[in-house]
Amino acid sequence: MTTHSTRMLILGSGPAGLSAAIYGARAGMKPILVQGIQPGGQLMTTTDVENYPGFADVIQGPWLMEQMQKQAEHVGTNLVWDTIVDVDLSRRPFRLTGDSGDVYEGDVLVIATGAQAKWLGLDSEEAMKGKGVSACATCDGFFYRGKKVAVIGGGNTAVEEALYLTNHSPDVTLIHRRDTLRAERILQERLFAHKGINVLWNKEVHRFVGGGSPEGLVALDLKDTVTGEMSTLDVEGGFVAIGHHPATELFRGHLDLDSDSYIKVEPGSTRTSIPGVFACGDVMDKIYRQAVTAAGTGCMAALDAEKFLAEADFERIAEAAE
Ligand code: FAD
Ligand code: NAP
């Protein structure tokens with residue numbers, strides 16, 4: 001068992017954690033970044049990225065993350081292959097234990113453990129991911145311009161994604177398993193007023209149907225949740241929008257989480273309920289969930305952390321002088 005100590009400990013190697021690392025290293029905080037089971041984060045699971053600013057041509061998600069990792073290392077971040085399994089945030093330095101048995105101590109902690117989309121859990125869904133089935137309309141909607149698409153879900157995300165998709169698609173169907181939406185009234189009003197969106201009530205996806213060459217989504221087999229009747233909807237894009245799981249189980253009982261288990265931060269900052277612990281990216285953001293916003297809040301976390309350490313150092317020096 002080895003103990004690794006640093007001024008700035010970062011969990012997560014997605015855009016949020018790596019951006020925090022780039023800023024933290026350049027501020028002299030010598031960050032250690034524990035990468036977790038998905039080094040590079042969610043963008044490692046996608047191909048084309050067209051909306052990350054700075055690239056005129058389409059770039060690949062894994063390439064972008066490799067560039068961010070190299071940039072973080074070049075400026076002085078120590079990237080570690082480990083996953084945190086236990087945390088002690090009761091005193092500083094914060095003390096975290098990795099799957100390897102190693103211990104990581106940080107004067108400040110930046111949590112950037114992200115979130116994962118919930119999926120329906122169908123074999124056909126798994127088979128068609130990236131071939132017409134997606135969990136992010138903002139990311140992938142553009143690839144279905146002019147095509148028929150469907151969104152599955154009845155919450156705010158599903159309704160916002162359906163509305164967003166009308167920018168690209170002339171024919172959007174929202175599929176919900178009940179006969180009332182969970183989404184806020186104002187969003188429902190916008191949805192029902194939109195002529196380009198059709199809502200199918202009491203339906204669940206039974207199968208995502210592939211076809212063509214190269215294979216792509218061609219239809220959804222639907223089952224009526226009331227009558228059990230089967231039907232088919234021809235679509236080329238299927239967007240699953242049934243919620244996300246923020247990766248916060250480690251912090252339950254240690255940090256304040258909201259009702260959806262996202263880490264609570266003070267508005268306009270990345271400060272959590274424990275001084276010296278900061279959260280950035282999808283783990284604290286259930287609204288935007290984009291690489292660029294994750295990177296932006298990662299930058300904020302590093303700046304907040306630097307300010308916290310400078311103030312803590314000042315107080316220590318002042319106390320010693322008294
Ligand atoms: P994540 O990228 O989720 O990274 C979380 C990190 O935390 C991972 O490295 C993981 O290993 C680590 N971690 C988790 N638990 C632990 C632990 N216990 N210990 C240590 N580390 C841990 N956004 C766009 O802007 N444009 C797009 O085109 C786009 N396409 C997408 C396509 C797909 C298929 C998906 C799934 C998402 C897409 N997104 C896109 C969204 C974007 O990927 C996310 O918003 C972004 O990755 C969030 O970054 P993050 O750093 O907060 O978290
Ligand atoms: P959500 O509110 O939990 O809604 C998930 C929806 O998916 C529900 O309608 C649910 O159906 C449906 N669903 C869940 N599992 C399903 C399954 N296995 N099969 C079919 N349907 C399923 O999730 P969300 O919409 O992602 O929102 C999460 C949180 O973020 C909420 O607090 C929301 O208000 C917030 N948010 C806010 C904004 C905004 O303010 N603009 C935008 C996005 C999200 P049931 O209704 O039948 O349970």
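Note that ligands are numbered from 1 as they come in the structure, with each ligand's atoms numbered from 1 the same way.
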| message | So, regarding Glu160 and ligand 2 (criterion: nitrogen or oxygen to nitrogen or oxygen, under 3.5 Å), is there a contact or not? | response | yes
| query | Does Tyr288 OH have over 12 foreign heavy atoms under 6.0 Å away? | reply | no
| request: For Gly243, take its heavy atoms, then give the atoms of ligand 2 lying under 4.0 Å from any of them. | output: 23 (O), 26 (O)
| note | If you scan protein heavy atoms around atom 42 (C) of ligand 1, the nearest is Ala291 N, 4.0 Å
| message | Show the atoms of ligand 1 that are less than 4.0 angstrom away from any heavy atom in Gly281. | response | 52 (O)
| query | Under 4.0 Å from any heavy atom of Thr83, which atoms of ligand 1 are there? | reply | 17 (C), 18 (N), 19 (N)
| message | Among all protein heavy atoms in this structure, tell me which lies nearest to atom 30 (O) of ligand 2, with the distance rounded to 0.1 Å. | response | Lys286 CD, 3.4 Å
| request: With heavy atoms of Gly154 as the reference, note each atom of ligand 2 found under 4.0 Å away. | output: 6 (C), 7 (O), 8 (C), 9 (O)
| task | Please write down residue, atom name and distance for the protein heavy atom closest to atom 20 (C) of ligand 2. | result | Arg177 CD, 3.7 Å
| said: Looking only at protein heavy atoms, which one is nearest to atom 37 (C) of ligand 1, and what is the separation? | reply: Gln42 OE1, 3.7 Å
| said: Could you check whether any heavy atom of Ala135 sits closer than 4.0 Å to an atom of ligand 1, since that is the contact criterion I want to use? | reply: no
| query | For atom 44 (C) of ligand 1, what is the nearest protein heavy atom, given as residue, atom name and distance? | reply | Asp282 OD2, 3.4 Å
| Between Arg145 and Phe142, is NZ or CZ placed under 6.0 angstrom from the six-membered ring centre and within 45° of the ring axis? | yes
| Is the closest side-chain heavy-atom distance between Leu187 and Glu160 below 4.5 Å? | yes
| Linking Ile, Leu, Val, Met, Phe, Trp and Tyr through side-chain heavy atoms less than 4.5 Å apart, which residues share a cluster with Leu233? | Trp119, Leu120, Leu122, Met128, Val133, Ile152, Ile175, Leu200, Val205, Phe208, Leu217, Leu220, Leu222, Val235, Val240, Ile242
| Where the closest heavy atom to atom 6 (C) of ligand 1 is concerned, which of Ser19, Gly17, Ala112, Ala247 has it? | Ala112
| request: Tell me, please: is Val283 in heavy-atom contact with ligand 1, that is, under 4.0 Å? | output: no
| request: In plain terms, say whether Lys129 and Glu125 are close enough for a salt bridge, that is, a side-chain N and a carboxylate O under 4.0 Å apart. | output: no
| Can an N or O of Leu187 be found at a distance shorter than 3.5 Å from an N or O of ligand 2? | no
| remark: When distances are taken from atom 27 (O) of ligand 2, the protein heavy atom at minimum range is Thr157 OG1, 3.7 Å
| field | Location of contacts on Gln35 toward ligand 1, heavy atoms closer than 4.0 Å | value | backbone
| query | What do the steps show when you test Asp48 against Phe143 for side chain to side chain contact (heavy atoms under 4.5 Å, CB included), and what is the final call? | reply | CA-CA 9 Å; Asp48 293 357; Phe143 302 122; 3.5 Å; yes
| note | Near Ile287 (heavy-atom distance under 4.0 Å), the atoms of ligand 2 are 37 (C), 38 (C), 39 (C), 40 (O)
| Under 3.5 Å: donor-acceptor pair, side chain of Thr297, backbone of Cys280 | no
| task | Could you tell me the residue and atom name of the protein heavy atom closest to atom 21 (N) of ligand 1, and the distance to it rounded to 0.1 Å? | result | Gly36 CA, 3.2 Å
| message | Can you confirm whether or not the ring centre of Tyr104 sits under 6.0 Å from the ring centre of Phe94? | response | no
| message | Looking at Lys30, is its backbone amide N or carbonyl O close enough to the side chain of Thr6 to form a donor-acceptor pair, meaning the two atoms are under 3.5 Å apart? | response | yes
| task | Select the closest option to atom 3 (O) of ligand 2 among His176, Glu161, Arg182, His244, judged by heavy-atom distance. | result | Arg182
| 4.0 Å heavy-atom contact, Gly298 with ligand 1 | no
| The one among Asp82, Asp86, Ile84, Thr113 that brings a heavy atom closest to atom 15 (N) of ligand 1 | Thr113
| message | Treating Asn156 as the side-chain partner and Glu184 as the backbone partner, does any N or O pair qualify as donor plus acceptor under 3.5 Å? | response | yes
| query | Numbering the atoms of ligand 1 from 1, which are under 4.0 Å from a heavy atom of Val34? | reply | 20 (C), 21 (N)
| query | Would Lys118 count as a contact of ligand 2 if the rule is a heavy atom under 4.0 Å away? | reply | no
| field | Donor-acceptor under 3.5 Å (Asp304 side chain, Ser269 main chain) | value | no
| query | Among all protein non-hydrogen atoms, which one is nearest to atom 53 (O) of ligand 1, and what is the separation to 0.1 Å? | reply | Gly114 CA, 3.4 Å
| Donor-acceptor pair, Asp258 side chain versus Asp260 backbone, under 3.5 Å? | yes
| Which of the atoms of ligand 2 are close to Asp260, meaning less than 4.0 Å from one of its heavy atoms? | 29 (C), 31 (C), 32 (O)
| query | What pairs of residues pass the salt bridge (charged side-chain N to carboxylate O under 4.0 Å, His left out) test when at least one of them lies in residues 196-210, not counting sequence neighbours? | reply | Lys203-Asp224, Arg207-Asp221
| field | Side chain to side chain, Thr113 and Phe251, heavy atoms closer than 4.5 Å | value | yes
| message | Walk me through whether Gln42 and Asp282 qualify under side-chain hydrogen bond (donor to acceptor under 3.5 Å, both in side chains). | response | CA-CA 10 Å; Gln42 293 171 59; Asp282 284 13; 3.1 Å; yes
| said: Please check: side-chain N/O of Ser134 versus main-chain N/O of Cys136, any donor-acceptor pairing under 3.5 Å? | reply: yes
| query | Quick one: which ligand 2 atoms are inside 4.0 Å of a heavy atom on Arg178? | reply | 45 (P), 46 (O), 47 (O)
| field | From Ala115, Gly40, Cys139 - option closest to atom 27 (C) of ligand 1 by heavy atom | value | Cys139
| said: Do Ser90 and Asp88 pair up side chain to side chain, a donor and an acceptor below 3.5 Å, judged on atom types alone? | reply: yes
| query | Got the closest protein heavy atom to atom 5 (C) of ligand 2, with its distance? | reply | Ile242 O, 3.6 Å
| Quick one: does Val49 get an N or O within less than 3.5 Å of an N or O on ligand 1? | no
| task | Tell me whether Ile10 is reachable from Leu43 by hopping between hydrophobic residues (I, L, V, M, F, W, Y) whose side-chain heavy atoms are closer than 4.5 Å. | result | yes
| atom 8 (C) of ligand 1: which protein heavy atom is closest, and how many Å away? | Gln38 O, 3.3 Å
| said: Just so I know, are the side chains of Leu191 and Leu181 near enough to count as touching, which here means a heavy-atom distance under 4.5 Å? | reply: yes
| query | Does the distance from a Lys or Arg side-chain N to an Asp or Glu carboxylate O, for Arg185 and Glu189, drop under 4.0 Å? | reply | no
| With atoms numbered from 1 as shown, which atoms in ligand 2 lie under 4.0 angstrom from a non-hydrogen atom of Glu184? | 40 (O)
| said: Taking only non-hydrogen atoms of Pro15, do any sit less than 4.0 angstrom from ligand 1? | reply: yes
| said: Return the closest protein heavy atom for atom 51 (O) of ligand 1 as residue, atom name and distance. | reply: Ala16 N, 2.9 Å
| said: Could you check whether any side-chain N or O of Ser169 sits under 3.5 Å from a backbone N or O of Lys147, counting only pairs where one atom can act as donor and the other as acceptor? | reply: yes
| Does ligand 2 have any atom that is closer than 4.0 Å to a heavy atom of Glu204? | no
| field | Protein heavy-atom partner closest to atom 26 (N) of ligand 1 - residue, atom, separation in Å | value | Asn51 OD1, 2.8 Å
| task | Quick one: look at Leu250 and ligand 1, take heavy-atom pairs under 4.0 Å, and tell me if it's side chain, backbone, both or neither. | result | side chain
| task | Examine the proximity of ligand 1 to Ala294 and report which part, side chain or backbone, both or neither, has a heavy atom under 4.0 Å away. | result | side chain
